[in-house]
2 protein chains.
Amino acid sequence: MKKNYKIVIGYDGTRYFGWEHQPDQVTIQGKIEDVLAHLSEAPVEVIGAGRTDAGVHAEGMVAHFPLDVDMNVTELQDYMNHYLPDDIVIKEVREASDRFHARYNAIGKTYRYLCYDGVTKPLFDRKYVWTLEQRLDIARMQEAAQYLIGEHDFGSFCKNPQKKKSTVRTVDRIEITRISSRMEQDDTRDYIALTFHGNGFLRNMVRILTGTLVGVGLGEIEPERVKEILEAKNREIAGVTAPARGLCLMSVDYM
Amino acid sequence: MKKNYKIVIGYDGTRYFGWEHQPDQVTIQGKIEDVLAHLSEAPVEVIGAGRTDAGVHAEGMVAHFPLDVDMNVTELQDYMNHYLPDDIVIKEVREASDRFHARYNAIGKTYRYLCYDGVTKPLFDRKYVWTLEQRLDIARMQEAAQYLIGEHDFGSFCKNPQKKKSTVRTVDRIEITRISSRMEQDDTRDYIALTFHGNGFLRNMVRILTGTLVGVGLGEIEPERVKEILEAKNREIAGVTAPARGLCLMSVDYM
């Protein structure tokens, strides 16, 4: 009999065309489905909590799938990790209720965006950060972020919004802090982590929010201007879309 | 007129055949010499503080070279970083005395070896750690490390020692500590850093020391056995050679 499984997935998105199936493209969803199809000798559909763009990473993507297999959850996790490539890791496997749906039941998500503004190029983290040529003013960014907290129409921070779909979302937390690297020897706090928590995010929303806040940190955009950008509901006047490589889906919340 | 420059270099050794020139191989020394030769329109010899094996990383390799160029040290550093690939970073450039020699003047080196013994595979750090299937007993490793401190003949921890060359070295510090990952969300302390400081290291010495200490941590070798291994001066009875990917040259000391 088929059971419904909930899994937590980490991946280095560098060499993938995003989470979701694409014809003739290598995707994370596709890789996981291939492994499960091989195990069960039948196609398996894996439903993720959401999509991530090409090049975006995850530490806590959640997905569910039905499967009839003679293994306990630890064996299933070991099997998947054995056959998946090194850059996709199954961190947890649990049996879930038949009604559990990774996308419909998600009530919140946490994303982290990593910037780097040190004097020399980053080395071991170079594929996971947006490297900036100039020092960021964190206090200005924190000030600007306050305008974004709460329930708003985030139309200015969405790529190609669909006409009939709401662009209203609630962002209840944006933290911007300098952190130091563990991999590198020095403790210079040249990394800036922007952590976003909300009930849902539009297409490219975290990357456009980050691009705008970095514009503030570089002195190109005034903090108060962010309020006007939000009210304009116009993608054209917001900042750039930050590169995919700095973004990581950290966790998905369920009831 | 030629000046003598001292540089500090970081590199991700994953795709290199080590530091030193090799015919028909891509090496870090070779990449740096190519950039300097292009700049000065003449061959430049870059002398490193030592060699690192294929796949070994560095955060603080030191080298020197003579150069006659109309640039200050910041411009020279920027030029080199601009033309070097992403996985080699020049962290510092200084004018040095004409007598400064990166290898002959080095009086100490610090290496760090990173192991990982978490439940799931490591993700963002996977190219920089030795992943172990079983939990390491750090206290046992620390006990064993005490036998290695001091001036000893490290012949048991050397690949292909040369008959006429001394295998006596002084290791004055071995620290073994659990650390947590910065890149990953959880704070599980699944990483073990082995930090070695000494006046010099033989070929593969840090990797064989690490392989032996990990053998102790896994319960395969008794801590007291390390004393016998050291006294035997026989590579055959020491532990395995730990993989290159976990090793990083952190810094080189000068007077």
Side-chain angles (χ1 to χ4, degrees), chain A residues 7-14 57-61 74 77-78 80-93 110-112 114 116 118-129 131 133 179-191 193 195 245-246 248-251, chain B residues 7-14 57-61 74 77-78 80-93 110-112 114 116 118-129 131 133 179-191 193 195 245-246 248-251:
Chain A
I7 59 173
V8 179
I9 312 138
Y11 47 85
D12 178 336
T14 308
H57 317 290
E59 287 195 23
M61 171 62 98
T74 307
Q77 181 177 4
D78 289 348
M80 294 178 76
N81 279 325
H82 182 76
Y83 286 102
L84 283 166
D86 261 5
D87 49 9
I88 302 179
V89 177
I90 306 299
K91 296 185 160 190
E92 200 183 311
V93 177
T110 305
Y111 280 95
R112 183 179 71 178
L114 269 189
Y116 173 87
V119 176
T120 51
K121 300 184 290 184
L123 183 57
F124 299 107
D125 296 330
R126 66 193 185 279
K127 291 179 181 165
Y128 313 117
V129 299
T131 301
E133 302 285 315
I179 59 176
S180 59
S181 168
R182 185 186 64 78
M183 289 300 292
E184 320 269 330
Q185 183 179 19
D186 43 53
D187 194 41
T188 44
R189 299 196 167 265
D190 287 336
Y191 293 81
T195 308
R245 58 170 53 191
C248 187
L249 171 59
M250 302 302 277
S251 57
Chain B
I7 60 172
V8 179
I9 311 139
Y11 48 86
D12 179 337
T14 307
H57 317 289
E59 287 195 23
M61 171 62 98
T74 307
Q77 181 177 5
D78 289 349
M80 294 178 76
N81 279 325
H82 182 77
Y83 286 102
L84 283 166
D86 262 3
D87 49 9
I88 302 178
V89 177
I90 306 299
K91 296 185 159 189
E92 200 182 310
V93 178
T110 305
Y111 279 94
R112 182 178 71 177
L114 268 190
Y116 173 88
V119 175
T120 51
K121 300 184 290 185
L123 184 56
F124 299 109
D125 295 330
R126 65 192 185 281
K127 291 179 180 164
Y128 313 116
V129 299
T131 302
E133 301 286 315
I179 59 175
S180 59
S181 168
R182 184 186 63 81
M183 289 299 294
E184 321 268 331
Q185 182 180 22
D186 44 49
D187 193 42
T188 45
R189 300 198 165 264
D190 287 337
Y191 294 82
T195 307
R245 59 169 54 190
C248 188
L249 172 59
M250 301 303 276
S251 57

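A note on names: the letters A, B, ... follow the listed sequences, proteins ahead of strands, and every chain is numbered from 1.
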Structural part of B:Glu92 lying under 4.5 Å from a heavy atom of chain A: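 Neither the backbone nor the side chain of B:Glu92 comes within 4.5 Å of chain A.
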Where is the tightest heavy-atom contact between [X] and [Y], given as atom of each residue plus distance?
X	Y	result
A:Phe124	B:Cys248	CZ-SG, 4.3 Å
B:Asn81	A:Lys121	O-NZ, 3.1 Å
B:Arg126	A:Asp87	NH2-CB, 3.5 Å

Only pairs of heavy atoms separated by less than 4.5 Å count here; which of A:Ile90, A:Val89, A:Ile88 has the most with chain B?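 Among A:Ile90, A:Val89, A:Ile88, the one with the most close pairs to chain B is A:Val89.
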Most chain B-contacting option - heavy-atom pairs closer than 4.5 Å, from A:Thr14, A:Asp12, A:Val119: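 Top option by heavy-atom pairs under 4.5 Å: A:Asp12.
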Do the side chains of A:Lys127 and B:Asp86 get nearer than 4.5 Å, heavy atoms only?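 Side chain of B:Asp86 against side chain of A:Lys127, heavy atoms only: no contact under 4.5 Å found.
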